[in-house]
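One structure is given below, encoded as C-alpha cells.
Quantities reported herein were computed from a predicted structural model and do not represent experimental measurements. A note on names: the letters A, B, ... follow the listed sequences, proteins ahead of strands, and every chain is numbered from 1.
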Amino acid sequence: MEKYVPQQIEKKWQKIWKETDAFAVKEDPNKKKYYVLEMFPYPSGNLHMGHVRNYSIGDVIARFKKMQGYNVLHPMGFDAFGMPAENAAIKHGIPPAEWTYSNIDNMTRQQEELGLSYDWDRKVLTCREDYYKHTQKLFEIFYKRGLAYKKEAKVNWCESCHTVLANEQVEEGRCWRCKTPVVKKDLSQWFLKITAYADRLLADLDHMPGWPERVKTMQRNWIGRSTGTQFSFKVEGMDETIPVYTTRVDTLYGVTYMVLAPEHPLVPKLIEGNPEADKIREFINTVKNENDIDRTSEAAEKLGMFTGSYALHPFTGERVPIWIANYVLYEYGTGAVMAVPAHDERDWAFAKKYDLPVKLVVQNDDNSLVLADMDNAYHTDGHLVDSGEFTGLSSAEGRKAITKKLEEMGIGEEKVNYRLRDWLISRQRYWGCPIPIINCPHCGPVLVPEEDLPVVLPKDVDFVAGATSPLETSEKFLHCKCPKCGADAVRETDTMDTFIDSSWYFLRYADPQNADKPFDREKADYWMPVDQYIGGIEHAILHLLYSRFFMKVLQDEGLVRDPEPFTNLLCQGMVLKDGGKMSKSVGNVVSPEEIVGKYGADTARLFILFTAPPEKDLAWSDQGVEGSYRFLKRVWAIVGRYMDLSKTSAPELNEDEKSLRRRLHQTIAKVTEDLDGKFNFNTAISSIMELVNAMYLYVEKHDSIHEACARELVRNLLILLAPFVPHITEELWQHLDEPEQSVHDVKWPEVDKSALTVDEVELAVQVNGKVRATMTVPVEMSREDIAEKAKALPELAKHLEGKTLVKCIVVPRRVVNLVVK
RNA sequence: GCCGGAGUGGCGGAAUGGCAGACGCAUCAGACUCAAAAUCUGACGGGGGCAACUUCGUGCGGGUUCAAGUCCCGCCUCCGGCACCA
C-alpha cells in the first residue's frame, strides 16, 4: 500500500462529504434525536486552537451518536454582529458587512479542513436580515410581555468601545473586551427584565445534573439570592420614612446609626439646613465620580459624613443619626442600611473611624463576649441580649420574631433580594441588531409593527468614533412616521447587545429557513433541548445565563416546550503553550492551519483529544503532535500488513488469535463506555493504541492469520477510530473489500461477550496486604482451592514461616490476601 | 471572607476500596542501515543489592479496613468564581 499522505486523502474526503451533503438531517419521528452543539464562533478571521478543541470534541460525539443510530443534529454558524467589524470600518474603511463575510468565508473553509460533520444547510449567521428580523420579533415579544423597558439609569460606560455594557460584561471594574476601566454615566437605556426570572433561573439549577458544578455555582453567586427583612425608619421631624434591608434583623437593638448611599434621593432633604451642606455635596460628587475599581477596591477607605438628621428606632424610639457613606451601594436593597457596628465588620470599621457608639446585642454560647475586649465585629449567630422582649432568643428565632413584630406594626416584611440586575441591552454601536422601536414626540416609544420588520441596518452611515450611535448619522434611517399617530418621529438608534443574538440561535438551527417565524414549534420540540452543549468556561455566566432566561420567556410565550435549553454542558479547558495562554503578544500562537497543513486534520484532532481530558487545560506540545502522527502512521501500516498476511481458514482460532480477538472486544467495550456520556476521549484512544500495539506484536510473531479474525480486527479498528480521525479511517475502509458504504454510516459494534471469556486468570497474592507473588489459576477454581494453592506458593514461605494464618481473603479474578500473625 | 474544583514519575495523564504509574511524550539500549533519519523491539518512580530480592512512595497529619490515590476527620497549597450585596 502507498504511503500515508494525509493532505491528499483529507481533501478528497472533504470534497465528497460536501458534494453528497453527507451530514444533512431531517426531523424523523421514528428515530431518537440527538442534538450536539458547539458554541458558534465570532468571525474574528481565523480559527485558533481553542476552536479546534471545541469542534473536535463535538464532532466525536456527533459521529459516535450517529453510528449508534441516533438522528443527529450537528450545526454550525457565526455570531456575526459585534465590535471588531465596526472597528475595522473605522480603522481601514472596510464596511463591517464585507469584513465579516470575508472572515466567515475563511473560517468556514478552515472548519471544512478539519473534517467536521456539520449539516451546512443549517448555517446560521446572526448578522443577516433573515436572522435579525426574528431577533427583532423576539424583542417585540419581550416588550409586549413587559420584559423590555427603557429607563434613565446610571450605567456602565466604556470610553474605548464608546458604548454601555451590561453588568455581566464588567469584570473587576473593567470592560470585558478591552479592559478599559468602566465609568458611570446617566443614560436612558433599554433593559430586559431578567430579574423577574431570578428565582426560576436559580431554582432550576438544582435540576440540571448535566451541568458542571462550578458553572452552576457561578450562576448561583451571580444571581445572589438573600432572604432578609425590609422595614422603615421614621425620620425625626419630617414626614419621611427610610426603608432599609437587612439579613440580620436580629441585631436591630444594636443599631447605633444608619447609612445612606450618596445617591439616595432623600439626601438633599436630609442635609437641608445643615451648615456643612456644601461640604457634603462636594463629598457626594467625589464619590459619584469615582469609578468602580476605586470605589470597591479592597484598599478603599470607608468615608462618610453626618447629614445632621436623625431617624427613630422603630422599637425603642431612640434617635439614630443618619450618615452618608461610600460603602453603601445605591443599587442593592434600598440603598440604605441600618448600622450595627457590634455585629457587622463594615459598620465596625466605620464606627471606630468616626467614633460612633457600639452596642452588643448578640452573645456567643458561653456569654464570654465583652465589648471592651473586642477588636472586631462578632458577625456569627448567637443569642440575643439587651434586646427588650426578644432577649434570650437565638438569632434565628430573633429574626423571625422581630420580623413578625415589624409586620404587625405595618412597617416591615420579609424580603428576598437578588444581586442580579436587569440586563442592559442598548449599545451605541452600528454593527448589531437595530432595536425595533420608534420614538414619537406624542406617543413615546412605539414598537415597529411586525409587518414592517426587519428594521434594516442602513449602509449610509459614518463610522467616526463618537459618543452616539453611528445610526444617527443616517438621515434616511433616522426619520420616520409614528406607527400609532402618524406624526414625524425618529427611530431608536441603539442596537442590541450581541448576546441577544446568541441567546436563541440554538433554536434557529431547528428551523433555519423559516421566513415567517423565528422557528416552528414542532421542529423546535423535535430537536430541543440541546443534548450536549460544548464551549468555553468564559461563558459560564454571560451567554449561558442569558440563553436560559430567553428559553424561559419563550416557554411562557408558548413558543417552546422546555424550560432549559442545554441538558448537558461540557466546558472544555483552554489550550496552553509554555505554561500560559496562547497569545499574539507572547508570540506562542500555534496556528491550526499550519498544523493541519503539516500533519493533517486527523493528527490535530487526535492530539487534542488524546492529550488531556476535555474539561482540563491542555498543554500544547510539538512532540506530542509528532506522537499522534506516528500513531496514525502505525494504524495505516498495520492495516496494510494485515491485508498482506497470508490467510488461513482453520476451523479454530489459535491462542494468539483468540487473545487478539479478546483484546478487540475489550477495546470495543472500553471505547463505547468512554464515549457514552462520559467523554473520556483520552482513555478511549489509549485503549485503541493498546489494541494496535497488540496487533503489531502478532505480526512480529506470525506471518499468517485466520481470515475472519483479520477481517474483524481491521474492520472494527477502523470503526472505533472513525469518530476521532474521520479521514484516514474512511480511506482505509475503502481499501477493504467492503460494500459501497462509508465507515461513518456503519453501525457501532457490539461487544461479543463470548470473546471476552478466559480460561485462566492471574491473581496477586498478598501477605498482610503486601504483594509477594502472583499465580495463574483457572477461572472456575473455588475460593478454597485458590487459598490452598496460594498458601503453598514457595515465594511465600519466608513470609509465612513461624506465623499463624488468621484469615484468608479471596477476591475472585483479582487478589488473595493471607493475613498472618 | 463565602462558594466551587484540584494536588499521582522528568512531562501530559491512567487506576468499580483489590498488583499505583495504563497510554503517550522525553530519555536510554537493541535490531535494520556503510551511516543517519524513519521504522520495529525492549528498559524506564526513589533508596539499597552483582542478583534473587528488599524498602519507601499518590500535598501534610490522624483514622476506618484483611487491603486506601480512592472512604472518614483535621490541616496545607494551587486554580477558578463572587465579594463594602448590609
**Asked** Side-chain N or O of A/Asn693 less than 4.0 angstrom from OP1 or OP2 on B/G24?
**Response** yes

**Asked** Would you say A/Ser226 reaches B/A86's phosphate, i.e. side-chain N/O to OP1/OP2 under 4.0 Å?
**Response** yes

**Message:** Roughly how many Å apart are B/A14 and B/U8, using the C1' atom of each and rounding to a whole number?
**Reply:** 10 Å

**Prompt:** So which nucleotide does B/G7 pair with, by the Watson-Crick or G-U wobble rule with both distances under 3.5 Å?
**Reply:** B/C76

**Prompt:** Taking the side chain of A/Met689 as its heavy atoms from C-beta onward, which of B/C19, B/G24, B/G18 lies nearest to it?
**Reply:** B/G24

**Request:** Among B/A22, B/U16, B/C66, find the nucleotide with the atom closest to the side chain of A/Arg814.
**Result:** B/U16

**Message:** Determine whether the aromatic ring centres of residues A/Phe231 and A/Phe233 are separated by less than 6.0 angstrom.
**Reply:** yes

**Message:** Strictly by Watson-Crick or wobble contacts shorter than 3.5 Å, is anything paired with B/A22, and which nucleotide is it?
**Reply:** none

**Asked** Say you pick atom C1' in B/U39 and the same atom in B/C32; how far apart are they, in whole Å?
**Response** 9 Å

**Message:** Looking at B/U27, which nucleotide sits across from it as a Watson-Crick or G-U wobble partner, both distances under 3.5 angstrom, or is there none?
**Reply:** B/A43

**Message:** Of the options B/G81, B/G13, B/C25, whose atoms approach the side-chain atoms of A/Asn221 most closely?
**Reply:** B/G81

**Asked** According to the Watson-Crick and G-U wobble definitions, with both distances under 3.5 Å, which nucleotide is paired to B/C71?
**Response** B/G63

**Message:** Does B/C25 have OP1 or OP2 under 4.0 Å away from a side-chain N or O of A/Arg630?
**Reply:** yes

**Message:** From the set B/G4, B/C23, B/C82, return the single nucleotide nearest to any side-chain atom of A/Ser686.
**Reply:** B/C23

**Request:** Using only side-chain N and O atoms of A/Arg214, determine if any of them is under 4.0 Å from OP1 or OP2 of B/A6.
**Result:** no

**Request:** May I ask you to decide if A/Phe724's main-chain N or O and A/Arg605's side chain share a donor-acceptor pair within less than 3.5 Å?
**Result:** yes

**Prompt:** Going by a 90° cut-off around 0, is B/G9 syn or anti?
**Reply:** syn

**Request:** Tell me which of A/Ile541 and A/Ser621 sits closer to the 5' end of RNA chain B, going by the nucleotide each one is nearest to.
**Result:** A/Ser621

**Prompt:** If only side-chain N and O atoms of A/Tyr332 are considered, is one of them under 4.0 Å from the OP1 or OP2 phosphate oxygen of B/A86?
**Reply:** yes

**Message:** I'd like the P distance from B/G69 over to B/G7, given in whole Å.
**Reply:** 14 Å

**Request:** Among the candidates B/C3, B/G12, B/A26, find the nucleotide nearest to the side-chain atoms of A/Phe610.
**Result:** B/G12

**Fill in**
Between A/Ile608 and A/Leu618, the two heavy atoms sitting closest are O-CD1, 3.2 Å

**Prompt:** Partners of A/His539 by ring-ring contact (aromatic ring centres under 6.0 Å, His included), sequence neighbours excluded?
**Reply:** A/His543

**Request:** Could you work out the separation of B/A51 and B/G57 based on their P atoms and round it to a whole Å?
**Result:** 23 Å

**Request:** Flag the pair A/Phe499 / A/Trp423 as yes when their ring centroid distance falls below 6.0 Å, and as no otherwise.
**Result:** no

**Fill in**
Heavy-atom nearest nucleotide on RNA chain B taken for A/Val816 and for A/Ala612; more 5' hit belongs to A/Ala612

**Message:** Between A/Glu673 and A/Lys670 (side chain of the first, backbone of the second, donor and acceptor by atom type, cut-off under 3.5 Å), is there such a pair?
**Reply:** no

**Request:** Verify the distance criterion only: is there a donor paired with an acceptor across the side chains of A/Thr251 and A/Tyr378 at less than 3.5 Å?
**Result:** no

**Prompt:** Between A/Tyr327 and A/Phe350, does a ring-ring contact (aromatic ring centres under 6.0 Å, His included) hold up when you go through it step by step?
**Reply:** CA-CA 9 Å; A/Tyr327 75 94; A/Phe350 193 78; 5.3 Å; yes

**Request:** Write down the distance separating the C1' atoms in B/G9 and B/G59, rounded off to the nearest Å.
**Result:** 15 Å

Any protein N or O atoms within reach of nucleotides 49-56 of chain B? Criterion: under 3.5 Å, listing atom names and distances.
unit_1 : atom_1 : unit_2   : atom_2 : d
B/U54  : OP1    : A/His799 : NE2    : 3.2
B/U55  : OP2    : A/Arg772 : NH1    : 3.0
B/C56  : OP2    : A/Lys770 : NZ     : 3.1

**Item:** Euclidean distance for C1', B/A20 against B/G46 (whole angstrom)
**Value:** 14 Å

**Prompt:** Considering only the P atoms, how many Å lie between B/A37 and B/C50, rounded to the nearest integer?
**Reply:** 35 Å

**Prompt:** Now, which nucleotide makes the Watson-Crick or G-U wobble pair with B/A51, with each of the two distances under 3.5 Å?
**Reply:** none

**Asked** Mind checking the P distance from B/G17 to B/C56? Whole angstroms is fine.
**Response** 26 Å

